[in-house]
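Hydrogens, waters and symmetry mates are skipped; everything else that's a heavy atom, side chains included, is used.
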Amino acid sequence: MNASLRIRRRVFRDLLYHLYSIWLFTFSDLKNILFPQTLFGILTALSTFKSGTTTSGTSDASQILYRTPMVMFWVWIHLLPIDIHNQQQPNAIAEDQVNKPWRPLPSNRCTLTQARCAMFLFYSIATLTSYKTGPFRWSISIMVLGIWHNTLGGSDANPFVRNFIVTLAYASFGLGALEIAQNESLSFGSRGGSIQSNFPPFGAWIIILSLVIITTIHVQDMEDQEGDILRGRQSLPLQIGDGPTRWVYKG
C-alpha cells in the first residue's frame with residue numbers, strides 16, 4: 001500500500017512538473033496573444049450579433065459568452081506549439097539564457113528531444129481541434145507562418161519581414177477566435193455582382209489593428225537587445241540604434 005501511494009504521489013508530482021513546464025512555454029505570450037485574441041473573438045462576435053450581420057444559428061448573446069473557454073482553448077492550443085517551435089531553436093535558447101532564463105529549455109526543465117516531441121504532439125492536437133471546430137484555414141495559416149518564422153529564418157532575417165509574419169499570425173489568431181466565438185466560418189464571395197459576406201462591418205478595425213502591430217512591435221525589442229545580439233537577430237534597435245528607434249515609435 002505504501003509503495004502504491006508513493007507511486008501515485010510521484011506520478012502526480014511529475015504531472016504537475018510537466019504542466020508547469022507547458023505553462024512556462026506560453027507564459028510570455030499570455031498577455032500578448034492569448035488574452036487579447038480571446039477578447040477580440042468574443043467582443044467582435046457580440047458586436048456582430050447585436051448588429052445583425054451574422055448568419056449563424058446563434059439566437060442569444062449568452063451562447064457566445066458560453067463559448068469563451070473554447071475560444072481561449074483554441075488560441076492557446078495553437079500558441080503552445082508555436083512557442084515550443086520558436087524556443088527550441090539553438091539561437092533562441094542562447095537568447096533566452098540572457099532574456100528569459102526561466103523558460104523550460106534554458107533552465108533545463110526539459111530536454112530538446114522532449115520539447116520537439118511535445119511540439120509535434122501539440123501541432124497535431126491543434127490541427128485536429130480546428131478540423132473539428134471549424135477554423136481550419138486559420139490553423140494552417142498559423143502553422144505555415146510558424147515554420148516561416150522559426151525554421152526558415154523569418155524571425156532573424158529582417159525586422160520588417162519578422163513584423164510582417166507576426167502581424168499575419170496575430171490576424172490569424174484573431175479571426176480563428178472569432179469563428180469559434182460566433183460558431184460560424186467567415187465567408188467571402190459574390191453573387192449576382194454583389195458581395196455576399198458575413199465578415200463583420202468593422203472588419204476595417206482588423207486592418208487597423210494589424211497596422212498598429214506591424215508598426216509598434218519593435219518596442220519589445222528594446223529590452224531584448226542583449227539576447228538579440230547573441231542570437232544574431234537583426235532587430236530595429238540593433239540596426240539603427242536606440243535613439244532613432246524611439247523616434248520611429250513616436251512617429
Side-chain angles (χ1 to χ4, degrees), residues 16 18-47 64-88 92 96 99-100 102-105 107 109-110 115 118-150 155 162-163 165-183 186 200 205-206 208-210 212-214 216-217 219-221 223-224:
L16 290 180
H18 292 301
L19 287 175
Y20 186 61
S21 295
I22 290 173
W23 170 263
L24 290 175
F25 272 118
T26 59
F27 178 73
S28 296
D29 287 322
L30 297 180
K31 66 180 183 300
N32 299 325
I33 297 179
L34 179 63
F35 298 139
Q37 299 305 324
T38 299
L39 283 174
F40 174 84
I42 294 299
L43 296 180
T44 303
L46 287 172
S47 298
I64 296 175
L65 297 176
Y66 181 77
R67 285 192 287 271
T68 299
M70 187 60 204
V71 174
M72 182 172 289
F73 176 76
W74 187 91
V75 174
W76 181 81
I77 201 60
H78 285 79
L79 175 63
L80 177 57
I82 288 291
D83 279 345
I84 297 175
H85 195 171
N86 175 258
Q87 295 171 34
Q88 69 171 331
D96 285 341
N99 293 335
K100 299 178 179 71
W102 44 265
R103 281 180 167 173
L105 287 168
S107 64
R109 286 187 63 89
C110 69
M119 178 190 73
F120 288 119
L121 171 64
F122 288 114
Y123 265 135
S124 300
I125 294 174
T127 303
L128 181 61
T129 299
S130 286
Y131 180 76
K132 292 293 186 181
T133 57
F136 188 68
R137 54 184 167 174
W138 306 120
S139 177
I140 297 300
S141 172
I142 290 169
M143 292 179 192
V144 169
L145 291 168
I147 293 172
W148 184 6
H149 184 276
N150 300 320
S155 64
R162 173 173 171 252
N163 289 1
I165 296 171
V166 172
T167 300
L168 291 180
Y170 268 83
S172 298
F173 273 109
L175 293 171
L178 173 57
E179 288 191 0
I180 293 289
Q182 68 180 21
N183 195 30
L186 296 171
W205 276 108
I206 297 175
I208 293 173
L209 290 173
S210 297
V212 170
I213 293 169
I214 201 171
T216 61
I217 198 171
V219 71
Q220 69 183 20
D221 294 327
E223 62 183 26
D224 293 339

Minimum heavy-atom separation for Leu34 and Thr38, please, with both atom names. O-OG1, 2.7 Å
Pairing residues for Phe27 by the side-chain contact (heavy atoms from CB on, under 4.5 Å) criterion, not counting sequence neighbours: Trp23, Leu30, Trp102
Could you report the tightest heavy-atom contact between Val71 and Ala177, atom names first, then the distance? CG1-CB, 3.7 Å
Taking the side chain as everything from C-beta on, heavy atoms only, tell me whether Arg67 gets closer than 4.5 Å to Ile64. yes
Residues 171-183 vs salt bridge (charged side-chain N to carboxylate O under 4.0 Å, His left out), sequence neighbours excluded, gives Arg137-Glu179
Ile82/Asn86 under side-chain contact (heavy atoms from CB on, under 4.5 Å): CA gap, chis, key distance, verdict: CA-CA 6 Å; Ile82 288 291; Asn86 175 258; 5.5 Å; no
Those residues that, when tested against Gln87, pass side chain to side chain donor-acceptor pair (under 3.5 Å) (two or more places apart): none
Distance-only side-chain donor-acceptor flag, Ser130 / Trp138, under 3.5 Å: no
Mind checking side-chain contact (heavy atoms from CB on, under 4.5 Å) for Ile140 and listing every partner two or more places apart, or none if nothing turns up? Phe136, Val144
With sequence neighbours left out, write down each residue that passes side chain to side chain donor-acceptor pair (under 3.5 Å) with Arg109, or none if nothing qualifies. Ser21
Can you tell me how far apart CD1 (Ile42) and OG1 (Thr68) are? Round to the nearest 0.5 Å. 3.5 Å
Partners of Thr26 by side chain to side chain donor-acceptor pair (under 3.5 Å), sequence neighbours excluded? Trp76
How long is the gap from OG1 on Thr129 to CH2 on Trp74, to the nearest 0.5 Å? 10.0 Å
Please enumerate all residues that pass side chain to side chain donor-acceptor pair (under 3.5 Å) together with Ser172, with sequence neighbours excluded. Ser141
If you compare all heavy atoms of Ala126 against all heavy atoms of Met143, which two are closest, and at what distance to 0.1 Å? CB-CE, 4.1 Å
Would you say Phe25 and Pro81 make side-chain contact, with heavy atoms under 4.5 Å? no
Note, Pro135 side chain near Ile180 side chain (heavy atom, < 4.5 Å): yes
Distance (rounded to the nearest 0.5 Å) between Met70 CE and Asn183 CG: 10.0 Å
Do you know which two heavy atoms are closest between Leu24 and Arg103, and how far apart they sit? O-CG, 4.4 Å
Pairwise distance OG1(Thr127) to CD1(Ile77) - rounded to 0.5 angstrom: 10.0 Å
Could you list the residues that satisfy side-chain contact (heavy atoms from CB on, under 4.5 Å) with Leu128, not counting sequence neighbours? Lys132
Pairwise distance CG(Asp96) to OG(Ser107) - rounded to 0.5 angstrom: 9.5 Å
Which residues satisfy the side-chain contact (heavy atoms from CB on, under 4.5 Å) test with Met119, sequence neighbours excluded? Ile84, His85, Gln88, Tyr123
For the residue pair Phe173 and Val75, what are the closest heavy atoms and their distance? CE2-O, 3.5 Å
Given side-chain contact (heavy atoms from CB on, under 4.5 Å), test His78 with Phe122 step by step and report yes or no. CA-CA 8 Å; His78 285 79; Phe122 288 114; over 6 Å; no
Between the CD1 atom in Ile165 and the CH2 atom in Trp148, the distance rounded to the nearest 0.5 Å is 4.5 Å
